[in-house]
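Computation of the quantities below employed the complete heavy-atom set of this structure, encompassing side-chain atoms and omitting hydrogens, waters and symmetry-equivalent molecules. None of the values given here were measured: they were computed from a predicted structure.
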2 protein chains.
Amino acid sequence: MYRLLVADDHPLFREAMVAVIARGLSGSETLEAASLAAALEVVAQHDDLDLALLDLGLPDAEGLSGLAQLRQAVPWLPVVIVSAEQHKHTILEALNLGAVGYIPKSTPRDTLLVALQQILAGQVYLPPDIMRTGSPPASPTAPLKHHPLTSLTDKQREVLAHMVKGESNKMIAYRLDIAETTVKTHVSAILRKLRVSSRVQAILLASERDDGIR
Amino acid sequence: MYRLLVADDHPLFREAMVAVIARGLSGSETLEAASLAAALEVVAQHDDLDLALLDLGLPDAEGLSGLAQLRQAVPWLPVVIVSAEQHKHTILEALNLGAVGYIPKSTPRDTLLVALQQILAGQVYLPPDIMRTGSPPASPTAPLKHHPLTSLTDKQREVLAHMVKGESNKMIAYRLDIAETTVKTHVSAILRKLRVSSRVQAILLASERDDGIR
DNA sequence: GTTAGCCTCCTCCCTTGGTAGGAGGCGCCG
DNA sequence: CGGCGCCTCCTACCAAGGGAGGAGGCTAAC
């Protein structure tokens, strides 16, 4: 059903997680990585993954830098943080880096399964105490789902439409009669909202489901 | 501005043609060839040509076989026939072989210039009397646009396949286990052969007809 | 043997793309 | 009214893309 990557340096914890997945998400496939380097290698060779579970305690990744690297390498892959740490600041920072959820290691099995299903369904999962503090930074659930394009503003969609045609920032600026710096601003916003890291990826994503575009 | 090849075995005519180009398309560069062999040699060493003007009376080419050979060698290069002959059958056959135009040697200078500009702009030019006879055979521009991908080398196609997936030069280098500078070399060659000026355009072109890719 | 094409890699240089951060104007809504 | 989101534009800075040119190695063809 799903293909997941479990990145954790503790073999025991990894196995436990895999077991939970195997039982709760029957038919799913799990890959494992004991380090960030291994995880990067795995995702490099599997572009059909649905979700990555990333531990924050990996030996070769300083805290959230691992998340940043993973997001950088494969922006299309949803990543959920699995960590013993539960500081609010860390959690919010992870979300800012594009994580789609944050699962404390203390989470009981049943809850864990619910969290995974929720995330695989396109929702964001956060520990209850964070959820209670009201809406986090900017994007709880809606923008992630099927229509990331709908979260774009009119102008951003307009710029994206020109990007899709293969035009450069300069040309778009000329066509829309705005400054190139303004185009850059829009492009940056588009990349952030679409959760990608280059204009090419944005274009591929947009033309894939160009429902909302032109 | 443009880089043209004039292939004709009459020095006088060649010079006249070059003069017309120099005056009408300022900034353009012209290369000359007195035989088909010479022309093939020139195009083999210059993959940045924009257009070739091919005379049908070359000593080492029997009629349209010269066009066939040239098209075979460098499918990405638009070729316009320049000939004294004006038989309808010959003209249609030339178009079938992928020529982008047919200019009678009797064409006055002004008209000649218009024809060249029209062709360089991506149009097809035919002598007025042929144009009047309605639609050309079956393929005005088709054969030209269909083949560019086939002119790529294996490695270039491989690189292009990764570009299409939205990967950066660095990532492609990693995947193919070659240096990033090498990837850049390939990308440059691809852009030149596909006659586009940015990777985005190359990707759009390739994914449009990704028949040969992947 | 020599030649030609391809792949590989390099350096130098410039353009483009993208981020960060700030700023002013405008319109909408509580 | 004040606040908020959006559009606009800016500076400054860094990363990535791309061109020009050269160079070595390799294989296939002549």
- Task: Taking the side chain as every heavy atom from C-beta outward, state whether A:Met171 and A:Lys165 have any atom pair closer than 4.5 Å.
- Result: no
- Message: Can you see whether A:Glu167 engages A:His162 through a side-chain donor-acceptor pair at a distance of less than 3.5 angstrom?
- Response: yes
- Round to a whole Å and report the spacing from CG of A:Leu176 to P of D:dC7. 12 Å
- Query: Which nucleotide sits closest to the side chain of A:Ser188: D:dC9, D:dC7, C:dG18?
  - Reply: C:dG18
- On DNA chain C, nearest-nucleotide positions of A:Val187 versus B:Asp177: which is more 5'? B:Asp177
- Atom-to-atom span, CZ of B:Arg199 to P of D:dA15 - whole angstrom: 18 Å
- Task: Enter the distance from B:Leu67:CG to B:Leu95:CG here, rounded to the nearest 0.5 Å.
- Result: 9.5 Å
- Roughly how many Å is it from CG in A:Leu194 to C1' in C:dT19, rounded to a whole number? 17 Å
- Quick note, B:Leu191 side chain, CB onward, closest among C:dG18, D:dG18, D:dT8 is D:dG18
- Any A:Asn169 side-chain nitrogen or oxygen under 4.0 Å from OP1 or OP2 of C:dT16: no
- Item | Rounded distance in Å - CZ (B:Arg192) to C1' (D:dG17) | 15 Å
- Query: In terms of side-chain geometry, is the basic nitrogen of B:Arg14 or B:Glu32 positioned less than 4.0 Å from the acidic oxygen of its partner?
  - Reply: yes
- Specify the separation, in whole Å, of atom CD of A:Gln201 and atom P of D:dA16. 12 Å
- Task: May I ask you to evaluate whether A:Lys155 reaches the phosphate of D:dT8, defined as a side-chain N or O under 4.0 Å from OP1 or OP2?
- Result: yes
- Item | Donor-acceptor contact below 3.5 Å, side chain A:Arg3 vs main chain A:Asp50 | no
- Message: Is there a side-chain contact between B:Thr181 and the phosphate of C:dC10, meaning an N or O under 4.0 Å from OP1 or OP2?
- Response: yes
- Note on the structure: Per atom distances to the A:Lys184 side chain, the nearest of C:dC10, D:dG17, C:dT19 is C:dT19
- Task: May I ask you to verify if any side-chain N or O of A:Ser198 is less than 4.0 angstrom from the OP1 or OP2 atom of C:dG18?
- Result: no
- Side-chain N or O of A:Thr153 closer than 4.0 Å to phosphate OP1/OP2 of D:dC7: yes
- Rounded to whole angstroms, how far apart are NZ on B:Lys193 and C1' on D:dG19? 17 Å
- Which part of the nucleic acid, if any, lies within contact of B:Ser168, taking any heavy atom under 4.0 Å across all strands shown: a base, the sugar-phosphate backbone alone, or nothing? sugar-phosphate
- Using only side-chain N and O atoms of B:Lys170, determine if any of them is under 4.0 Å from OP1 or OP2 of D:dA16. yes
- Message: Checking contacts here: which listed nucleotide (C:dC7, C:dG17, C:dC9) is nearest the side-chain heavy atoms of B:Gln156?
- Response: C:dC7
- Task: Please check the phosphate of D:dC6 (OP1 and OP2 only) for any side-chain N or O of A:His186 closer than 4.0 Å.
- Result: no
- Among D:dG17, D:dC10, C:dC9, which nucleotide sits nearest the side chain of A:Ala179? D:dC10
- Please tell me if the side chains of A:Val100 and A:Val79 come closer than 4.5 Å, counting only heavy atoms from C-beta onward. no
- Between CD1 of B:Ile190 and C1' of D:dG17 the distance, given in whole Å, is 13 Å
- Task: Take atom CG of A:Asp154 and atom C1' of C:dG27, then tell me their distance rounded to the nearest Å.
- Result: 14 Å
- B:Ser197 near the nucleic acid: base, sugar-phosphate alone, or nothing, with a heavy-atom cut-off under 4.0 Å? nothing
